Amino acid sequence: MSLCPECLKTLDAVVYEEDGTVYIEKECPEHGKFKNTYWHDAKLYKQATKFKAEAHPLDNEKKATKPCPENCGLCSEHESQTILGLIDVTNRCNLRCPICFANAATSGTLYEPTQDEIRQMLRNLRKNHPVKTPAIQYAGGEPTVREDLVDLIKIAKEEGFVHTQIATNGIAIANDENYAKELKDAGLNTVYLQFDGMTEEPYIIARKANLLKTKMKTIENCRKANLGIVLVPTLVKGINDDQVGDIIRFAFDNLDVIRGVNFQPVSFAGRTPRDEVEDQRITIDDFVKLTEEQTNGNITSEAFYPASSVAPVSDIIVALSGHEDEVTLTCNQHCGVATYVFKDTDGTLIPITDFIDVDGFLQTLEDAVLIVENESKLSKAMPVVKTVNQLRKVVNSDKAPEYLDMVNILKNIFIKQDYEALGDFHMNALLISSMHFMDPFNFDQDRVKRCVIHYATPDGRIIPFCSFNSLYREGVEEKFNIPLESDRAQEIMNGINKAKKSIVILKKV
């Protein structure tokens with residue numbers, strides 16, 4: 001099932017291969033036939049298909065009364081947990097980006113939940129069973145235009161979230177050196193920083209503002225506060241797809257503060273122009289090829305695996321511990337890819353696939369899960385030792401970074417169940433990933449059912465990311481909008497004029 005890009009009605013669709021490309025096609029009785037690219041490389045599409053994870057649904061979803069995705073909330077047709085919860089804390093913004101999937105600051109409505117409403121949304125996410133949502137991201141709009149964002153971070157910690165992050169353009173953090181420290185002290189773990197390139201042009205085109213120096217100032221202020229950053233480039237063909245390698249190299253040069261780079265191919269939702277979908281479409285396989293080309297073959301396409309491939313790691317932890325509340329990444333295998341790349345002492349970049357047979361590693365864990373599940377608690381030790389010995393065979397220590405003792409790390413994780421040992425694994429490592437969010441043109445019901453990134457809304461619903469931005473956002477903002485003539489709206493608007501964090505002076509371009 002998919003959507004009509006014009007009227008957003010649910011339609012039958014087919015995903016098929018033609019001349020080495022994968023397409024999605026559907027026909028609307030009113031608006032005709034639509035044929036759009038799903039993946040440019042059918043071979044890589046099929047490779048990803050091998051990593052379909054078993055479903056890990058929640059057991060307290062509401063009963064489905066309409067076909068997916070017309071009943072989001074979450075409903076009983078959903079097959080994955082909420083790994084990352086999102087809350088839009090405002091639809092205001094201090095930019096007017098032409099490629100904003102959220103259509104922030106131009107919808108004609110003011111949407112800004114109260115602290116009590118946000119606390120209730122947080123609690124709804126934590127009510128998921130058996131796996132409580134572990135991580136929260138405040139988004140928008142631009143969350144830093146709210147005067148009380150520091151308080152909202154504290155509230156998230158009070159409600160039990162182990163990881164908090166904000167999706168931000170970084171302007172407020174750049175303008176106020178103390179702001180990053182305030183956020184860090186409140187419990188913020190990560191700044192999810194909009195970062196489109198290493199030159200001025202991508203910002204001028206995609207953000208209508210020359211933000212390069214602002215981004216550098218944001219990074220410097222986060223460094224001073226010891227506040228971790230994930231760079232988030234929105235990739236648009238012809239605008240910044242030539243800067244993938246430069247962004248990765250920049251991240252490694254700033255590894256003390258930058259934890260990862262998550263490239264996001266542009267989604268044609270919100271106010272992103274829809275008249276050049278095929279010309280500007282970048283797919284996940286495009287991203288991995290760009291990475292290989294622009295790192296001179298140092299990080300190859302084969303280094304990337306679907307995010308769903310790591311499910312066996314969670315499965316073995318569950319088997320060993322007996323706890324059913326373990327977070328398991330069971331998104332659709334075509335939602336995103338990732339790899340770890342390490343920087344050796346001499347500066348050489350080493351993808352994890354250079355020294356670990358990842359396929360062998362994952363297969364060993366899958367086999368171990370079956371063995372452990374069939375053993376009693378008293379006899380689990382021997383299968384675990386055998387598993388670690390098997391894992392040693394898929395690790396080539398000679399090709400690993402000099403400082404990385406993978407065998408000892410494996411022992412600590414699987415025998416001692418000391419998950420802090422993962423910190424040693426992350427030393428001098430960069431997570432490079434790509435998550436391709438859908439729009440009405442390439443919308444795929446099978447992917448939505450496996451979504452692990454969900455929006456919480458004031459009416460108690462929890463809605464998959466791509467469904468929310470393609471179908472539900474406008475209705476939620478309209479339903480819970482604050483009338484512009486109301487006292488609260490006036491209070492919010494007056495606060496903008498008083499808050500230096502919400503004001504940005506940019507060179508007009």
Side-chain angles (χ1 to χ4, degrees), residues 1-46 48-55 57 61-80 101 265-270 272 274-285 306 308 330-336 435-455 461-475:
M1 303 297 292
S2 187
L3 300 175
C4 171
E6 297 296 330
C7 63
L8 300 180
K9 288 182 180 177
T10 305
L11 304 173
D12 289 325
V14 60
V15 176
Y16 64 95
E17 178 187 348
E18 181 180 284
D19 298 328
T21 297
V22 178
Y23 295 96
I24 184 168
E25 188 171 311
K26 60 271 185 119
E27 185 169 6
C28 175
E30 184 176 354
H31 298 104
K33 185 177 291 187
F34 297 88
K35 176 182 176 181
N36 293 101
T37 302
Y38 197 113
W39 278 45
H40 281 115
D41 190 321
K43 181 180 178 181
L44 291 179
Y45 175 90
K46 292 174 183 176
T49 302
K50 296 187 299 182
F51 294 95
K52 182 178 181 179
E54 290 186 15
E61 298 167 326
K62 69 178 185 180
K63 185 177 180 180
T65 56
K66 297 178 182 179
C68 175
E70 299 174 17
N71 197 53
C72 290
L74 293 166
C75 87
S76 53
E77 289 193 25
H78 203 76
E79 299 175 346
S80 290
F101 66 74
V266 66
S267 174
F268 294 90
T272 304
R274 298 153 60 96
D275 55 351
E276 298 183 27
V277 172
E278 287 301 300
D279 291 336
Q280 293 191 322
R281 173 73 76 196
I282 290 181
T283 56
I284 288 173
D285 50 293
S308 56
T330 58
C331 57
N332 185 279
Q333 62 274 15
H334 295 115
C335 285
M435 183 66 74
H436 191 179
F437 295 113
M438 296 184 292
D439 50 55
F441 295 92
N442 62 1
F443 192 93
D444 179 351
Q445 182 196 60
D446 289 345
R447 278 187 57 185
V448 167
K449 285 185 176 182
R450 285 299 188 96
C451 179
V452 297
I453 304 175
H454 303 154
Y455 282 91
R461 288 183 292 171
I462 298 173
I463 302 175
F465 187 99
C466 296
S467 290
F468 185 80
N469 287 309
S470 294
L471 291 169
Y472 292 97
R473 175 182 292 278
E474 186 175 339

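Keep in mind it's a predicted model, so treat the numbers as computed, not measured.
Taken to the nearest 0.5 Å, the CD atom of Gln445 stands 9.5 Å off from the CG atom of Asp12. Atom CD1 of Ile284 sits about 10.5 Å away from atom CD of Gln333, to the nearest 0.5 Å. Separation of atoms CH2 (Trp39) and CD (Glu17) is listed at 13.0 Å; rounding is to 0.5 Å. Interatomic distance, CE of Met1 versus CG of Asp446, reported as 10.5 Å (0.5 Å rounding). Taking CG of Asn442 as the start and OG1 of Thr283 as the end, the distance is 10.0 Å to the nearest 0.5 Å.
Here the closest non-hydrogen pair linking Asn469 and Tyr455 is ND2-OH, 3.5 Å. When every heavy atom of Cys72 is checked against every heavy atom of Ile463, the shortest pair comes out as CB-CG2, 3.8 Å. The shortest non-hydrogen separation linking Cys28 to Phe34 is CB-CE1, 4.5 Å. Tyr472 and Pro69 make their closest contact through OH-O, 2.6 Å (heavy atoms, listed as atom of the first residue, atom of the second, distance).
No donor-acceptor distance shorter than 3.5 angstrom exists from the side chain of Ser308 to the backbone of Lys52, with no hydrogens or angles considered. Within the 3.5 Å criterion, the main-chain N or O of Thr37 finds a donor-acceptor partner in the side chain of Glu278. A donor-acceptor contact shorter than 3.5 Å is absent between the side chain of Arg450 and the backbone of Ser80. Panel note: side chain His334, backbone Tyr45; a donor-acceptor pair is recorded below 3.5 Å. Judged by distance alone, the side chain of Asp285 and the main-chain N or O of Asp41 form a donor-acceptor pair under 3.5 Å. A donor-acceptor pair under 3.5 Å links the side-chain atoms of His78 to the main chain of Cys451, judged by distance alone.
Residues Asn71 and Lys62 are in side-chain contact: their nearest non-hydrogen atoms beyond the backbone lie under 4.5 Å apart. Counting only heavy atoms from C-beta outward, the side chains of Lys35 and Glu18 approach each other to under 4.5 Å. Between Leu74 and His454, some side-chain heavy-atom pair lies under the 4.5 Å cut-off. Looking only at side-chain heavy atoms (C-beta outward), Cys75 and Cys68 stay at 4.5 Å or farther from each other. Side chains of His436 and Tyr38 form no contact here, defined as non-hydrogen atoms less than 4.5 Å apart. Annotation: side chain of Ile282 is not in contact with side chain of Val266 (no heavy-atom distance under 4.5 Å). Under the 4.5 Å side-chain criterion, counting only non-hydrogen atoms from C-beta, Arg281 is in contact with Asp439.
Between Tyr16 and Tyr23, the ring planes are tilted. Angles from 30° to 60° get that label.
Residues satisfying the side chain to side chain donor-acceptor pair (under 3.5 Å) criterion with Gln280, sequence neighbours excluded, are absent altogether.
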Met438/Ser267 under side chain to side chain contact (heavy atoms under 4.5 Å, CB included): CA gap, chis, key distance, verdict:
CA-CA 6 Å; Met438 296 184 292; Ser267 174; over 6 Å; no

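For Glu474, the CD atom is loosely surrounded, since the number of other residues' heavy atoms within 6.0 Å does not exceed 12.
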Distance-only donor-acceptor pairs under 3.5 Å for side chains of residues 2-11, two or more places apart:
residue : atom : partner : partner atom : Å
Ser2    : OG   : Lys26   : NZ           : 2.8
Ser2    : OG   : Phe443  : O            : 2.5
Thr10   : OG1  : Glu70   : OE2          : 2.7

